[in-house]
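First the proteins, then the strands, lettered A, B, ... as listed; each starts at 1.
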Number of protein chains: 2
Amino acid sequence: MFLVSLIPIRPELPFGAPPERSDAARNRERLLQAARELVAEHGVDAVTMDMLACRADVGKGTVFRRFGSRAGLMMTLLSDAESDFQRQFIFGPPPLGPGAPPRERLIAFGEARIKYVEEYGELARAAAEHSPQNRHDAPPVVLWHRHIEMLLRKAGLDRDPWLMALSLGATLDPERMLHSLRAHGIAPERLAASWRELVTRLLKDC
Amino acid sequence: MFLVSLIPIRPELPFGAPPERSDAARNRERLLQAARELVAEHGVDAVTMDMLACRADVGKGTVFRRFGSRAGLMMTLLSDAESDFQRQFIFGPPPLGPGAPPRERLIAFGEARIKYVEEYGELARAAAEHSPQNRHDAPPVVLWHRHIEMLLRKAGLDRDPWLMALSLGATLDPERMLHSLRAHGIAPERLAASWRELVTRLLKDC
DNA sequence: ATTCTAAACGGACTGCGGTCCGCTTAATAT
DNA sequence: ATATTAAGCGGACCGCAGTCCGTTTAGAAT
């Protein structure tokens, strides 16, 4: 078996691109470390790009050259967790990974997403802010979406599974779930139970 | 029958509050007219608060005193359309209004929301931007949500209808549907068909 | 070592949403 | 009419994301 590379949260540079200059690499590390510290100290929402530039002892232009935008920074910070998550539902053990029936995998997928949002929700929300493009068409989002669509097809749901996957994905939207969890104090188990109910009913006679 | 007042998109001032001063009323009209003109001329997303203050010949402070925020302005601009929509699903003729079976009402509700988003989607999205509070807990959103919950209950869905209504509401989220319609070019009829499918399956054996 | 150049850098600058506060004025009381 | 006062007003100001452009520097070529 050869490894298929996972879809990175930030697309890599084109293949022929020249390698990163040493000062650039050093600054990238400094920025990432500073960002993680600031997030840990003040919370995602309180971290500003100026603050980050200052803490990393780097010009503001450098921060934006590196990450493109605040959302881009947050995506980079999420990148490891995201890769892990992808590995689990693509290659991992059942019921999340291959081997279980599609309905079970779908239920497990939702449960895993809920746990993911509990842990990384603020980052995920910040990574999607200020652009429907970021929210709906970021590579990992497209991948989740296709995964759900694939499971729906395998479960025998043949009527426009792509749009149905969109609807199910909407239910699992980080901002929405985070709001339920934090602002309304809904227990994660209750979210999971409702997801199970939804999927079960949807795939009842397929 | 006596009329129950609809839930306003922006809550009115408390009952004992003094009436609006005449200059304030004049400025409010000027602002609303200017806002509608600017939206018509440049599109929702291009309208800035400074622009609006300038066009209405009013200080910037006045704009924010009146509407609180950009989102508040957009809610006010939506208010009439929103009231109409509420009237239709609460008092209007079936299948959207009372009289039809709950499943049919739910399907009609989604279809009406799709038409609403086709017409007012940009405004609705701008009215929800920059705050999960605006997006999820604005009075009209809470009303839609309760309406869906009520229909689910009447249809016999008894397992946590509140959360299930949240999931269905997520499917009908303006930003999401607008993105499908505009960025992906999905036909409204296709969205409607998928919604019908979703509701039908969900309520199959209730 | 010197030269060359494209990448990287930094920080002043812009535009926007939103706030603050000293001034003005509509409405009321006398 | 005049005085009183609280609501309303306006625009300077702030913080933030994101851009621009003159300067610096890493790394290659000689």
Side-chain angles (χ1 to χ4, degrees), chain A residues 13-14 16-32 34-35 38-39 42-77 125-135, chain B residues 13-14 16-32 34-35 38-39 42-77 125-135:
Chain A
L13 293 175
E20 196 177 38
R21 242 168 67 168
S22 66
D23 53 344
R26 195 196 58 222
N27 281 337
R28 198 190 58 228
E29 284 318 305
R30 287 237 296 267
L31 281 165
L32 284 176
L38 287 171
V39 165
H42 308 293
V44 172
D45 295 350
V47 175
T48 72
M49 299 304 264
D50 292 82
M51 216 189 266
L52 173 58
C54 178
R55 169 73 72 110
D57 223 358
V58 141
K60 197 177 181 181
T62 303
V63 181
F64 280 89
R65 157 177 297 270
R66 206 55 68 205
F67 303 111
S69 67
R70 198 184 129 93
L73 167 68
M74 301 308 178
M75 286 185 208
T76 304
L77 291 180
R125 188 182 43 182
E129 252 166 9
H130 298 307
S131 150
Q133 200 72 12
N134 282 342
R135 184 185 297 270
Chain B
L13 293 175
E20 197 178 36
R21 245 169 65 168
S22 64
D23 53 345
R26 195 197 58 221
N27 280 338
R28 200 191 56 228
E29 285 316 307
R30 289 236 296 266
L31 281 165
L32 285 176
L38 287 171
V39 165
H42 307 293
V44 172
D45 294 348
V47 175
T48 72
M49 299 304 263
D50 294 84
M51 218 189 262
L52 173 58
C54 179
R55 169 73 71 108
D57 224 357
V58 140
K60 197 178 181 178
T62 302
V63 181
F64 280 90
R65 158 177 295 271
R66 208 53 71 203
F67 303 111
S69 67
R70 196 183 130 94
L73 166 68
M74 300 309 178
M75 286 185 208
T76 305
L77 291 179
R125 188 182 42 180
E129 253 166 9
H130 298 305
S131 150
Q133 201 72 12
N134 282 342
R135 184 184 297 271

B/Asn134 and B/Ala71: which non-hydrogen atoms are nearest, and at how many Å? ND2-CB, 3.4 Å
Taking for each residue the nucleotide of DNA chain D bearing the nearest heavy atom, is the 5' side occupied by A/Ala46 or by A/Gly61? A/Ala46
Report the residue (B/Phe64 or B/Ser22) whose heavy-atom-nearest nucleotide on DNA chain C is the more 5′ of the two. B/Phe64
Taking the side chain as every heavy atom from C-beta outward, state whether B/Met49 and B/Leu73 have any pair of such atoms under 4.5 Å apart. yes
Range on DNA chain D touched by chain A, heavy atoms, distance below 4.0 Å: D/dC16 to D/dG27
For B/Leu52 and C/dG18, give me the distance from atom CG to atom P, rounded to whole Å. 13 Å
Go through residues 23-31 of chain B and report each residue with a non-hydrogen atom lying under 4.0 Å from DNA chain C, sorted by number. B/Asp23
Closest non-hydrogen contact found for A/Met51 with A/Ala46 is CE-O, 3.1 Å
Would you mind reporting whether A/His130 and B/His130 have side-chain heavy atoms less than 4.5 Å apart? yes
Looking at B/Val47, B/Val44, B/Leu32, which hits side-chain contact (heavy atoms from CB on, under 4.5 Å) with B/Leu77? B/Leu32
Of B/Glu20 and B/Val47, whose nearest nucleotide on DNA chain C comes first from the 5' end? B/Val47
Looking only at non-hydrogen atoms, find the nearest pair between B/Ala34 and B/Leu52 and report the distance. CB-CD1, 3.8 Å
Taking C-beta and beyond as the side chain, do B/Arg28 and B/Glu20 meet within less than 4.5 Å on heavy atoms? yes
Could you tell me how far apart A/Lys60 (NZ) and C/dT14 (P) are, to the nearest whole angstrom? 13 Å
Between P on C/dA7 and CZ on A/Arg65, what's the gap in Å once rounded to a whole number? 9 Å
Under 4.0 Å between any heavy atoms, over every strand shown, what does A/Arg70 touch: base, sugar-phosphate, or nothing? Just pick one. sugar-phosphate
Could you pull out the closest heavy-atom pair between B/Arg70 and B/Ala126, with the gap in Å? NH2-CB, 4.1 Å
Distance in angstrom units between B/Met49 CE and C/dT19 P, rounded: 10 Å
For A/His130 and C/dG17, what is the distance between atoms NE2 and P respectively, to the nearest whole Å? 12 Å
Between C/dC16 atom C1' and B/Met51 atom CE, what is the distance in whole Å? 11 Å
Answer yes or no: is there a side-chain heavy-atom contact under 4.5 Å between B/Lys60 and B/Asp50? yes
Just how far, in rounded Å, is C1' of C/dG17 from CG of B/Asp50? 8 Å
